[in-house]
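What you see is a predicted model, and the numbers here were worked out from it, not measured in a lab.
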Amino acid sequence: MGFEGGGDGGGGGGGGVAGEEEDVVSVNGLSMKTSEVEAKLDEGNIQEAESSLREGLSLNYEEARALLGRLEYQRGNVEAALRVFDGIDLQAAIQRLQPSLSEKPSSRRSRSHSGSDSLHSVSQHAASLVLEAIYLKSMSLQKLGKANDFIKRRRLLNYAEAAQECKSVLDAVEKIFQHGIPDVMVEQKLQETVSKAVELLPELWKQAGLYQEALASYRRALLSQWNLDDECCARIQKRFAVFLLYGGVEARPPSLASQVEGSFIPKNNLEEAILLLMILLRKWYLGKIQWDSSMMEHLTFALSICGQTFVLAKHFEEVLPGTYPRTERWYTLALCYSGANQNETALNLLRKCLNRHESPDDVMALLLAAKICSQDCVLASEGVEYAQRAIAKAEAADEHLKSVGLRFLGNCLGKKSKRASSDHERSRLQAEALKSLDEAMNLDRENPDLIFDLGLEYAEQRNTNAALNCAKECIEATGGSVLKGWRLLALVLSAQQRYSEAEVVTDAALDETAKWAQGPLLRIKAKLKVAQSSPMDAVEAYRFLLALVQAQRKSSGSFKSSAEVEDNKVSEFEVWHGLANLYSSLSHWKDAEICLEKARALKPYSAAILHTEGSMHEARDQARDALAAYTNAHSIELDHVQCKVSIGSFLLKQGPKSLPVARSFLSDALRLEPTNRMAWYYLGMVHRDDGRVADAADCFQAASMLEESDPIESFSSIS
C-alpha cells in the first residue's frame, strides 16, 4: 500500500498498491488521483484533503492522515508532514490492529476461510500504513535534525525524538507479531517498512549521541526475528562491527536473556566485532551476499591490533582466487605470516611476489623481504640484495622509503658481518653497516627504531659510548614507552661495568613497563645481581621472574600471539636454566640438578642443558662425563658457541696432542661469535702452549679488551 513514485520511504511495488501511474494511489481496490489531494494541500486545506481521501478510498481517520503525511514527506515538506503525523494517535491505531493481526490464518485454503484471509489482508494493509507513518515521522525528525545542524542541542533532541518514534515501530511490530514476523503471509510493503526501521534505529541513536542505546538496538536488530533479507542483515552487521571497532564506546556484554547455553559470548568490543565480520565472510563464502572489500579491511584491522595475524592469513587464503591480484594477495599473506613470526613462510611468498615474471620492483615487498632477512645471519646476504634494490627504486620517489631501505641494509650488513670468513671482511661489513645506518639517520632523524638500530650496531661493535648516547636518545624519543630502549641502555651500562647504574635503569624501566612485559627486565636484574656478587639477591630476582612466567603460562587470555610471546616474555625454560647456572656457580649441586630437571622437562633435547651438565661435571673433576655432555650438546646444535669454547678449553688441558683440535673448535667459535672473550682467552692459551707467543699476545689482548666491554647478556638478545 502506498503512493507510486520516488522519495524516501516511497517506491513502487508493495502490498495493496495497484496503480501504474505516478499520480495515482490505489487502496483496497479503489483509486484516486493524487493531484486532487495535492491541490487542496497547496491551498492549506488539510481537513478537505483528508476528507477527500477518506471518501475516495474508504479509509478511516488514521489511515487517511498517514497517507497525507506520506504525500507531504515525498513532496519534501518535512515540517508539514510532521504536523500531519502529529495529528494521528498512532499507538491507539496499533492497539486496534493488534488482535486481528496476531492471529495467524489457517494454512488450509478453502472457501470457508476466504473471508478471514481477506480480513487478515486488509488488517495488514492498515498496519502497513500506520507503521509506515511512524517510520516516516522518524525520518522527518531526522531530516529536521540535519537542518538544525547549527543548533547542537536542538539537533540532538530531534534525533532522539526520531529514534523514539522509530523504536515505537519495532515495539508495535513485536506486539502485533509476538512470535516474530513469519516468512509468509506478510505484505511486502509492511516487511519493507519493518526492515527499514530496524536498519535506521541504531543510526538515529548514534546521531543523538546515545551510544549504549545504539548498541542495544544493533543487538536487538540481529537477535530478534524481523525476517530481514541477507543483504539488509549484512549491512546492519557491518555497521555494528564498525561501531564496535571505531566508536570509542565500550559495549556491555549481551543480556543473559539473549545468551544461548554453550554458545560463544564475546567479552569485549574487539571479540564481538571480529565475530560479526567472520559471520559476514561466511555469508559471502556461501553466496548469500555480495563481496565487499571493506569487510576484509575491518577484519585486518581488528585481528592485527590483537596480534592474530596468523588467523587473518587463513581468511585471506580462503578468499576465492581473482578477488585480489595474486601479487597483492601474496604480499598481504607475507605481512600476516611475518606478524605471526613465521618468517620462512613469509619470505617464500615474497620470493614468489618478487619473481622477475611478477612484480620484481615492488618497493614494499622488497623492504619487507629485507626486514625479514635482517633478522637472520644466514639470510643476511639475500637481504642486502633486496635492500639495495628497494633503495634504487625508492631513491627518486620517496625519501622515507629510501631511509627504511638504508636502515634494513645496515641491519643486513651487520648480520652478514657475523658470518664473515676473515677479520678484514668483517671490519669492512661493519663499517658499511654503520655508514648505511648513518645515511638513514640523515633522512629520518626522529625515527626511534632507527636510533635503536644504530645504537645496537655500535654496541655490537663495542663502541659503548656511541651506543649509550643512542640508547638515551631512543628512550627520550619514545618517552620510555618502548622496552627495548631500556634494555639496550641497561646492557650498555653493564658493558661499561657500571652495574649499579644499570640496576637503577632497570628499576626505572620496571616502573614504566606493564607487569606482563617485565620478564626481560627481571632477567637482566638477576644477572646484574650475579655480576655484583649478590647471588641470593639474584635467586630472589629469578623467583619473581619464575612467578611471572608461570602466571603467563596459566593465563588464558583471548588473544595471545606467538609474536607477542616472543617479544614480551621470557620462557620458563630460560628461568630454570638460569637458576641452574647460578646454583652451579655457587656449587649448590643438588639445587642445580633440580633446576636442570625442570628445564629438561620443558626441552628434552637442549644443547644448553647438556652444556650446563658438562660444566657441573667438569667442576667436580668428572672429566669423562663432562666431555660426553659437551660432545652430545655439540651434536644437537653444531653452532652452539659455548659448547665449542668448553670443548676447546677441555682439550687444552689434555696435552700437546690435543692442541690442534682445541684450536679448531675455538677458531670456529670465534667465527660464529667474534666478541666471545673466553674463546679469545683459551685460543691465546693454545697459541702459548704451542709456542706462538705473538699470536698468544694478540689473543690475550683481544680477550682483555672484550672483558672491559662485555655485557651481562648478549646484545643480540634484544635485536
Side-chain angles (χ1 to χ4, degrees), residues 487 490-491 494 506 517-532 534-554 562 565-620 622 625-626 628-647 649-650 669 672-673 676 678-679 710-719:
R487 292 173 64 191
L491 291 181
S494 75
T506 305
Q518 290 180 351
L521 293 171
L522 289 171
R523 183 180 61 199
I524 289 175
K525 185 168 185 176
K527 292 181 179 181
L528 283 170
K529 292 296 185 182
V530 173
Q532 296 177 87
S534 301
M536 299 318 296
D537 290 339
V539 170
E540 192 65 22
Y542 270 122
R543 283 176 179 167
F544 277 118
L545 180 54
L546 183 60
L548 176 64
V549 298
Q550 288 179 338
Q552 288 172 333
R553 177 168 54 83
K554 292 176 182 176
S562 60
V565 169
E566 291 294 326
D567 290 341
N568 295 330
K569 286 186 181 178
V570 176
S571 69
E572 188 173 351
F573 169 82
E574 288 180 79
V575 183
W576 287 117
H577 184 240
L579 276 169
N581 285 330
L582 176 57
Y583 284 127
S584 175
S585 68
L586 298 173
S587 300
H588 293 182
W589 309 120
K590 187 68 175 176
D591 291 332
E593 288 171 0
I594 291 172
C595 292
L596 278 180
E597 285 304 314
K598 294 283 189 179
R600 186 179 286 106
L602 296 167
K603 281 189 180 180
Y605 305 103
S606 167
I609 291 176
L610 289 167
H611 176 263
T612 301
E613 278 187 358
S615 300
M616 290 168 61
H617 287 308
E618 191 171 0
R620 290 183 284 185
Q622 299 169 349
D625 292 336
Y630 290 146
T631 304
N632 289 336
H634 186 258
S635 299
I636 291 174
E637 189 176 336
L638 292 175
D639 288 342
H640 195 280
V641 174
Q642 287 181 313
C643 282
K644 292 180 183 293
V645 174
S646 295
I647 293 173
S649 67
F650 183 87
L672 296 169
E673 190 179 325
N676 190 302
M678 295 309 297
D710 199 25
I712 55 167
E713 187 175 280
S714 172
F715 289 116
S716 61
S717 65
I718 53 174
S719 60

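- Residues S606 and I636 are not in side-chain contact: their nearest non-hydrogen atoms beyond the backbone lie 4.5 Å or more apart.
- Note that CG of L582 and NZ of K529 are 13.0 Å apart. Values are rounded to the nearest 0.5 Å.
- Among all heavy-atom pairs drawn from A599 and I609, the shortest one is C-CD1, 3.6 Å.
- Minimum interatomic distance between A538 and A526 (heavy atoms only, all atoms of both residues): CB-O, 3.4 Å.
- The closest side-chain donor-acceptor pair between W589 and E593, if any, does not fall under 3.5 angstrom.
- Looking at Q518 and K525, their side chains never come closer than 4.5 Å, going by heavy atoms from C-beta outward.
- Atom OG1 of T612 and atom CG of L579 lie 11.5 Å apart (nearest 0.5 Å).
- The side-chain hydrogen bond (donor to acceptor under 3.5 Å, both in side chains) search around N632 returns none, not counting sequence neighbours.
- Considering only residues two or more places apart in sequence or on other chains, S534 meets the side-chain hydrogen bond (donor to acceptor under 3.5 Å, both in side chains) condition with none of them.
- Legend: residues meeting side-chain hydrogen bond (donor to acceptor under 3.5 Å, both in side chains) with H588, ordered by chain and number and at least two apart, are absent.
- For K598, the salt bridge (Lys or Arg N to Asp or Glu O under 4.0 Å) test picks out no residue, with sequence neighbours left out.
- Applying the ring pair (Phe, Tyr, Trp, His ring centres under 6.0 Å) rule to F573 yields the partners H577; only residues at least two apart in sequence or on another chain are considered.
- Atom CD of E572 sits about 10.0 Å away from atom CG of L545, to the nearest 0.5 Å.
- Although no hydrogens or angles enter the test, the distance criterion places no donor-acceptor pair under 3.5 Å between the side chain of S717 and the main chain of E713.
- Rounded to the nearest 0.5 Å, atoms OG (S649) and CE (M678) are 7.5 Å apart.
- Evaluation of the side chain to side chain contact (heavy atoms under 4.5 Å, CB included) rule for S646 yields H611, Y630 as partners, not counting sequence neighbours.
- Here the side chains of L596 and W576 are not in contact, with every heavy-atom distance at 4.5 Å or above.
- Within the 4.5 Å cutoff, no side-chain heavy atoms of V549 are placed close to those of S571.
- Pairs of residues two or more places apart, or lying in two chains, that qualify as salt bridge (charged side-chain N to carboxylate O under 4.0 Å, His left out) and include a residue from residues 631-645 are K644-D668.
- With sequence neighbours excluded, the residues satisfying side chain to side chain contact (heavy atoms under 4.5 Å, CB included) with A490 are V505, T506, I524.
- Between L610 and Y605, every side-chain heavy-atom pair lies at or beyond the 4.5 Å cut-off.
- For residues 535-548, no residue pair satisfies the side-chain hydrogen bond (donor to acceptor under 3.5 Å, both in side chains) rule, not counting sequence neighbours.
- Of all heavy-atom pairs spanning S584 and A592, the tightest one is N-CB, 3.9 Å.
- Separation of atoms CG (N581) and CE (M616) is listed at 9.5 Å; rounding is to 0.5 Å.
- Interatomic distance, OG1 of T631 versus CZ of F650, reported as 8.5 Å (0.5 Å rounding).
- For the side chain to side chain contact (heavy atoms under 4.5 Å, CB included) test, residues two or more places apart in sequence or in another chain that qualify with E673 are V641, T675, N676.
- Minimum heavy-atom separation, P711 to S494: CA-OG, 3.5 Å.
- Residues forming a side chain to side chain contact (heavy atoms under 4.5 Å, CB included) with S716 (at least two apart in sequence, or on another chain): K418, E460, S714, S719.
- Checked against side-chain hydrogen bond (donor to acceptor under 3.5 Å, both in side chains), H640 has no partners two or more places apart in sequence or in another chain.
- Of the N and O atoms on the side chains of S615 and E618, not one donor lies less than 3.5 Å from an acceptor on the other residue.
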